[in-house]
Amino acid sequence: MTLAPGLRAELLIMVERSDTAQKVGSGDVPVLATPRLLALAEAATVQAVGPHLAPGETSVGTRVGLEHLAASPVGTHVQISAELTEVDGRRLVFTFEARDRNAVVGRGTVERVVVDRERFLARATR
């Protein structure tokens with residue numbers, strides 16, 4: 001495992017109807033849903049570390065902190081950036097920020113733990 005603080009990844013999306021609070025059931029307005037923002041932040045963390053994990057390893061989310069600061073309507077481009085800020089054994093801490101053209105729309109932290117994929121799945125199917 002060659003994980004060190006500073007690993008980064010960015011995702012760029014355009015908010016679609018399928019991303020909205022109306023569609024995912026977290027509200028009744030046609031703007032980027034908070035659960036969708038969280039899923040995008042987690043996807044960026046996975047992208048940041050994936051290439052640096054040993055064969056047979058993966059990472060799983062264990063804790064999140066999220067501030068959803070501004071609405072992003074359908075058609076808005078949102079860029080999500082994640083950076084690995086702390087490595088404590090198998091525990092990984094990321095900060096992330098989501099921005100549209102004008103402002104920060106969300107930010108927070110995601111913690112993940114590196115696990116052996118087969119052992120994790122064996123425990124999960126009991």
Side-chain angles (χ1 to χ4, degrees):
M1 187 166 61
T2 58
L3 299 174
L7 294 177
R8 296 180 52 82
E10 293 183 353
L11 302 174
L12 178 64
I13 64 127
M14 184 177 78
V15 178
E16 305 280 349
R17 286 192 52 77
S18 60
D19 298 315
T20 65
Q22 282 177 325
K23 188 67 174 178
V24 303
S26 65
D28 63 1
V29 289
V31 299
L32 180 63
T34 301
R36 186 69 180 118
L37 175 59
L38 175 56
L40 292 164
E42 284 200 287
T45 66
V46 169
Q47 185 177 320
V49 298
H52 303 277
L53 296 175
E57 289 183 329
T58 190
S59 67
V60 295
T62 58
R63 178 179 288 207
V64 298
L66 168 67
E67 291 180 281
H68 198 163
L69 303 168
S72 302
V74 171
T76 302
H77 288 90
V78 177
Q79 182 173 6
I80 302 93
S81 303
E83 181 175 355
L84 181 59
T85 56
E86 181 183 344
V87 178
D88 181 14
R90 295 189 164 278
R91 183 175 149 268
L92 311 174
V93 179
F94 297 83
T95 59
F96 71 87
E97 183 174 89
R99 299 184 66 87
D100 67 14
R101 184 176 56 221
N102 301 313
V104 174
V105 298
R107 63 177 162 233
T109 59
V110 173
E111 290 189 21
R112 303 185 70 78
V113 173
V114 177
V115 298
D116 178 275
R117 182 187 315 274
E118 284 186 25
R119 279 188 275 173
F120 179 83
L121 291 173
R123 285 193 308 264
T125 58
R126 285 189 224 172

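Pairs engaging residues 17-38 under the side chain to side chain donor-acceptor pair (under 3.5 Å) rule: D19-R36, T34-H68 [sequence neighbours left out]. Applying the salt bridge (charged side-chain N to carboxylate O under 4.0 Å, His left out) definition to pairs two or more places apart or across chains, none involves residues 69-81. The side chain to side chain donor-acceptor pair (under 3.5 Å) contacts involving residues 92-112 comprise E42-R112, S59-R112, E67-R107, R91-E111, where partners must be two or more places apart or lie in separate chains.
Across all their heavy atoms, V15 and S72 have their closest contact at CG1-O, 3.8 Å. Of all non-hydrogen atoms in A98 and I80, the two that sit nearest each other are CB-CG1, 4.0 Å.
Between the side chain of T85 and the backbone N or O of V93, at least one donor-acceptor pair lies under 3.5 Å.
Residue V78 is not grouped with residue V31 when hydrophobic side chains (ILVMFWY) are merged at heavy-atom distances under 4.5 angstrom, including chains of intermediate members. No path of Ile, Leu, Val, Met, Phe, Trp and Tyr side chains, each step under 4.5 Å between heavy atoms, connects L37 with V24, placing them in separate hydrophobic clusters. Both V87 and V114 are assigned to one and the same hydrophobic cluster, defined by single-linkage of ILVMFWY side chains at heavy-atom distances under 4.5 Å.
Residues forming a salt bridge (Lys or Arg N to Asp or Glu O under 4.0 Å) with R8 (at least two apart in sequence, or on another chain): E10, E83.
Rounded to the nearest 0.5 angstrom, L53 CG and D116 CG are separated by 11.5 Å.
Here the side chains of V64 and L38 are in contact, with some heavy-atom distance below 4.5 Å. For the pair F96/V110, a side-chain contact is recorded, criterion being any heavy-atom separation below 4.5 Å from C-beta on.
Under a 4.5 Å side-chain heavy-atom criterion applied to ILVMFWY residues, the cluster that includes L69 comprises V104 as well. Taking Ile, Leu, Val, Met, Phe, Trp and Tyr as hydrophobic and joining them when side-chain heavy atoms fall under 4.5 Å apart, one finds V60 in a cluster with V113, V115, F120, L121.
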| field | Pair L3-L92, side chain to side chain contact (heavy atoms under 4.5 Å, CB included): steps then yes or no | value | CA-CA 9 Å; L3 299 174; L92 311 174; 3.7 Å; yes
